[in-house]
Amino acid sequence: QVQLVESGGGLVQAGGSLRLSCAASGRTFGSAAMGWFRQAPGKEREFVAAISLSGGNTAYADSVKGRFTISRDNAKNTVYLQMNSLKPEDTAVYYCAAGMTTHTLVVLTTTNRYDYWGQGTQVTVSS
């Protein structure tokens, strides 16, 4: 069992930055590929970024590539999402997710590959 708690969301002006954190409980964090998804009002949940179990492989949605960076600290059971050059269209609830895997370099980019989800943190970007 893995419990995920996101933090770091808030209100920021366009062009600003935020850093989201996702703290995982349980000893299985080291067996999980991690990802960030987001969901805007009236829209489906969409993939944002993913990182492999080892941290050696990452993937990004085209809409955030070059602006967002995902990273993980396995010693702290935490995954991060650094968001720079934020745009109003980045406004959404951001969710952290964990997908159990034995493959150290696999990245998971679809919701159905993930086993555990956090409650989400709101990110609002004003124009």
Connected via hydrophobic side-chain network under 4.5 Å: Met34 and Phe37 = no
Does Leu20 belong to the same Ile/Leu/Val/Met/Phe/Trp/Tyr cluster as Val107, with side-chain heavy atoms less than 4.5 Å apart forming each link? no
Practice item. Go through Tyr95 and Leu4 one step at a time and tell me if the side chain to side chain contact (heavy atoms under 4.5 Å, CB included) criterion holds. Key: CA-CA 9 Å; Tyr95 297 91; Leu4 305 172; over 6 Å; no
Q.
Determine whether a donor-acceptor pair (N or O, by modelled atom type, separation under 3.5 Å) exists between the side chain of Asn57 and the backbone of Ser52.
A. no
So CD of Gln3 and CG of Asn77: to nearest 0.5 Å the spacing works out to 12.5 Å
Thr104 meets the side-chain hydrogen bond (donor to acceptor under 3.5 Å, both in side chains) criterion, sequence neighbours left out, with none
Besides Leu11, the hydrophobic cluster formed by Ile, Leu, Val, Met, Phe, Trp and Tyr side chains linked at under 4.5 Å, directly or via other members, contains none
Residues 81-127 vs disulfide (SG to SG under 2.5 Å), sequence neighbours excluded, gives Cys22-Cys96
Sorted by chain and number, sequence neighbours left out, side-chain contact (heavy atoms from CB on, under 4.5 Å) with Thr69 holds for Tyr60, Gln82
Sorted by chain and residue number, the salt bridge (Lys or Arg N to Asp or Glu O under 4.0 Å) partners of Arg19 (sequence neighbours excluded) come out as none
- Query: Counting only N and O atoms by type, is there a donor-acceptor contact under 3.5 Å from the side chain of Thr91 to the main-chain atoms of Val125?
  - Reply: yes
Asp90 vs Met83 side-chain heavy atoms within contact, under 4.5 Å | no
With sequence neighbours left out, the residues meeting side-chain contact (heavy atoms from CB on, under 4.5 Å) with Ser71 are Tyr80
In terms of hydrophobic clustering (I, L, V, M, F, W, Y; side-chain heavy atoms under 4.5 Å; direct or indirect links), are Met100 and Trp36 co-clustered? yes
With heavy-atom distances below 4.5 Å as the criterion, would you say the side chains of Val79 and Ile70 are in contact? yes
Cluster membership besides Val5, Ile/Leu/Val/Met/Phe/Trp/Tyr side chains within less than 4.5 angstrom, sorted by chain and number, is none
Distance-only donor-acceptor hits, side chain of residues 42-49, under 3.5 Å, sequence neighbours excluded:
| from | atom 1 | to | atom 2 | distance (Å) |
| --- | --- | --- | --- | --- |
| Arg45 | NE | Gln39 | OE1 | 3.4 |
| Glu46 | OE2 | Arg38 | NE | 2.6 |
| Glu46 | OE2 | Arg38 | NH2 | 3.2 |

Exercise. Report yes or no: do Leu86 and Val93 belong to one cluster of Ile/Leu/Val/Met/Phe/Trp/Tyr joined by side chain heavy-atom distances under 4.5 Å?
Key: no
Heavy atoms of Leu108 and Tyr114 approach each other most closely as O-OH, 2.6 Å
Residue pairs passing the side chain to side chain donor-acceptor pair (under 3.5 Å) test with at least one member in residues 9-18, sequence neighbours excluded, are Ser17-Asn84
Here the side chain to side chain donor-acceptor pair (under 3.5 Å) pairs for residues 118-127, sequence neighbours left out, are Gln122-Thr124
Are Val12 and Val64 linked, directly or through intermediate hydrophobic residues, by side-chain heavy-atom contacts shorter than 4.5 Å (ILVMFWY only)? yes
By side-chain contact (heavy atoms from CB on, under 4.5 Å), Asn74 pairs with (sequence neighbours left out) Phe29, Arg72
In short, salt bridge (Lys or Arg N to Asp or Glu O under 4.0 Å) pairs touching residues 73-88 with sequence neighbours left out are none
